[in-house]
Amino acid sequence: NAGVMQNPRHLVRRRGQEARLRCSPMKGHSHVYWYRQLPEEGLKFMVYLQKENIIDESGMPKERFSAEFPKEGPSILRIQQVVRGDSAAYFCASSRLQWREGAYNEQFFGPGTRLTVL
Amino acid sequence: DAKTTQPNSMESNEEEPVHLPCNHSTISGTDYIHWYRQLPSQGPEYVIHGLTSNVNNRMASLAIAEDRKSSTLILHRATLRDAAVYYCIWGGAQKLVFGQGTRLTINP
């Protein structure tokens with residue numbers, strides 16, 4: 001069973017360009033989470049999606065960032081007009097079921113996409 | 001934010017037990033305690049979780065204080081591959097709130 005896949009693993013963009021990060025969850029998983037890890041900092045939750053729905057986007061920056069998880073295909077994290085402060089590692093995770101009290105589903109993380117903005 | 005307090009770093013020797021402490025004094029009665037670890041240049045990896053009782057799995061043991069305000073992750077025989085940043089997290093499993101974690105160094 002393949003794990004969570006992310007591509008590209010490394011992405012270099014110039015300021016003002018767009019960055020598209022892709023995440024394919026584990027087989028059978030329909031819940032996807034995106035986290036960002038700035039240099040020398042801990043991971044910060046960004047967004048939680050199910051197929052075709054955004055469940056929790058409380059960690060997403062208000063501008064330039066968007067995420068989707070279409071019915072078919074990978075989840076996409078899109079960053080428009082990138083700035084140097086967007087340089088970070090972006091991790092995607094997936095889980096099998098929606099978390100609810102009394103049931104536990106751990107998150108499985110991908111290897112991350114390391115975005116560098118020149 | 002679901003605040004936890006962990007030592008910034010710890011060091012141990014290979015094949016010795018390691019006890020990684022965590023304080024989570026503001027945890028509520030229904031919140032899980034989770035541990036994840038992040039090996040160098042990799043994504044985080046689930047280690048273990050618990051609610052009230054101590055827990056064991058193939059990777060580690062989790063000892064939870066009776067008042068649930070602290071917990072300890074126990075690696076019974078550390079190997080070099082256990083060198084990582086260990087994160088103690090509490091709350092739901094949906095939106096993980098990572099702190100700074102403990103950087104564990106294993107000496108050969």
Side-chain angles (χ1 to χ4, degrees), chain A residues 3-7 9-10 21 23-26 29-50 53-60 67 88-114, chain B residues 1-9 22 24 27-53 55-60 62 64 68 71 73 84-104:
Chain A
V4 176
M5 298 174 67
Q6 291 188 248
N7 66 81
R9 294 292 305 276
H10 299 273
L21 287 62
C23 169
S24 297
M26 286 181 68
H29 287 195
S30 58
H31 300 263
V32 165
Y33 315 79
W34 286 92
Y35 294 82
R36 176 167 66 172
Q37 188 168 33
L38 294 166
E40 306 304 321
E41 293 191 20
L43 292 103
K44 304 293 184 189
F45 168 84
M46 299 181 75
V47 63
Y48 162 38
L49 309 104
Q50 292 180 29
N53 286 305
I54 296 175
I55 306 302
D56 181 348
E57 56 181 347
S58 57
M60 286 281 270
Y90 292 82
F91 292 97
C92 165
S94 71
S95 67
R96 190 168 65 89
L97 296 172
Q98 180 175 6
W99 181 84
R100 64 186 190 280
E101 287 195 39
Y104 190 90
N105 288 280
E106 68 262 39
Q107 294 185 19
F108 294 83
F109 282 79
T113 293
R114 279 151 183 83
Chain B
D1 267 6
K3 184 168 173 57
T4 59
T5 303
Q6 298 179 253
N8 288 333
S9 62
C22 179
H24 29 79
I27 194 171
S28 72
T30 58
D31 287 318
Y32 282 101
I33 300 157
H34 332 252
W35 285 79
Y36 281 74
R37 71 180 185 181
Q38 187 173 21
L39 279 66
S41 300
Q42 295 188 28
E45 173 188 33
Y46 166 82
V47 178
I48 201 167
H49 77 278
L51 194 57
T52 55
S53 304
V55 183
N56 300 295
N57 67 19
R58 64 175 181 81
M59 289 182 70
L62 177 61
I64 301 172
R68 294 194 355 109
S71 62
L73 179 70
V85 178
Y86 286 78
Y87 296 99
C88 166
I89 301 165
W90 64 265
Q94 177 171 302
K95 174 182 171 180
L96 299 176
V97 179
F98 290 83
Q100 293 302 307
T102 296
R103 183 174 298 279
L104 177 64

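Just so we're clear, the structure is a prediction, and the values are computed from it rather than from any experiment. Chain letters run A, B, ... following the sequence lines, proteins first and then strands; every chain starts at 1.
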Residue set satisfying side chain to side chain contact (heavy atoms under 4.5 Å, CB included) with A/Ile54, at least two apart, ordered chain then number -> A/Val47, A/Leu49, A/Glu57
Close side-chain approach of B/Gln38 and A/Phe109, heavy atoms under 4.5 Å | no
Kindly check if the number of other-residue, nucleotide or ligand heavy atoms within 6.0 Å of CE (B/Met59) is above 12?
-> yes
Could you tell me which of A/Asp56, A/Leu43, A/Val4 has the largest number of non-hydrogen atom pairs under 4.5 Å with chain B?
-> A/Leu43
Which heavy atom of A/Gln37 sits nearest a heavy atom of B/Tyr87, and at what distance?
-> NE2-OH, 3.7 Å
Side-chain donor or acceptor of B/Tyr36 paired with backbone N/O of A/Gln107 under 3.5 Å | yes
Rounded distance (nearest 0.5 Å) linking atom NZ of A/Lys44 with atom CZ of B/Phe98 | 10.5 Å
How long is the gap from OH on A/Tyr33 to CG on B/Leu96, to the nearest 0.5 Å?
-> 8.0 Å
List for me each residue that meets side-chain hydrogen bond (donor to acceptor under 3.5 Å, both in side chains) alongside B/Asn56, sequence neighbours excluded, and say none if there are none.
-> B/Ser61
Contact class of A/Gln6 relative to chain B, heavy atoms under 4.5 angstrom = neither
Where B/Pro44 and A/Phe91 come nearest, the two heavy atoms and their spacing | CD-CD2, 4.3 Å
Within a reach of under 6.0 Å around CZ of B/Arg68, are more than 12 heavy atoms found that belong to other residues, nucleotides or ligands?
-> yes
Which answer fits B/Gln100, side chain, backbone, both or neither, if we ask what part of it has an atom under 4.5 Å from a heavy atom of chain A?
-> side chain
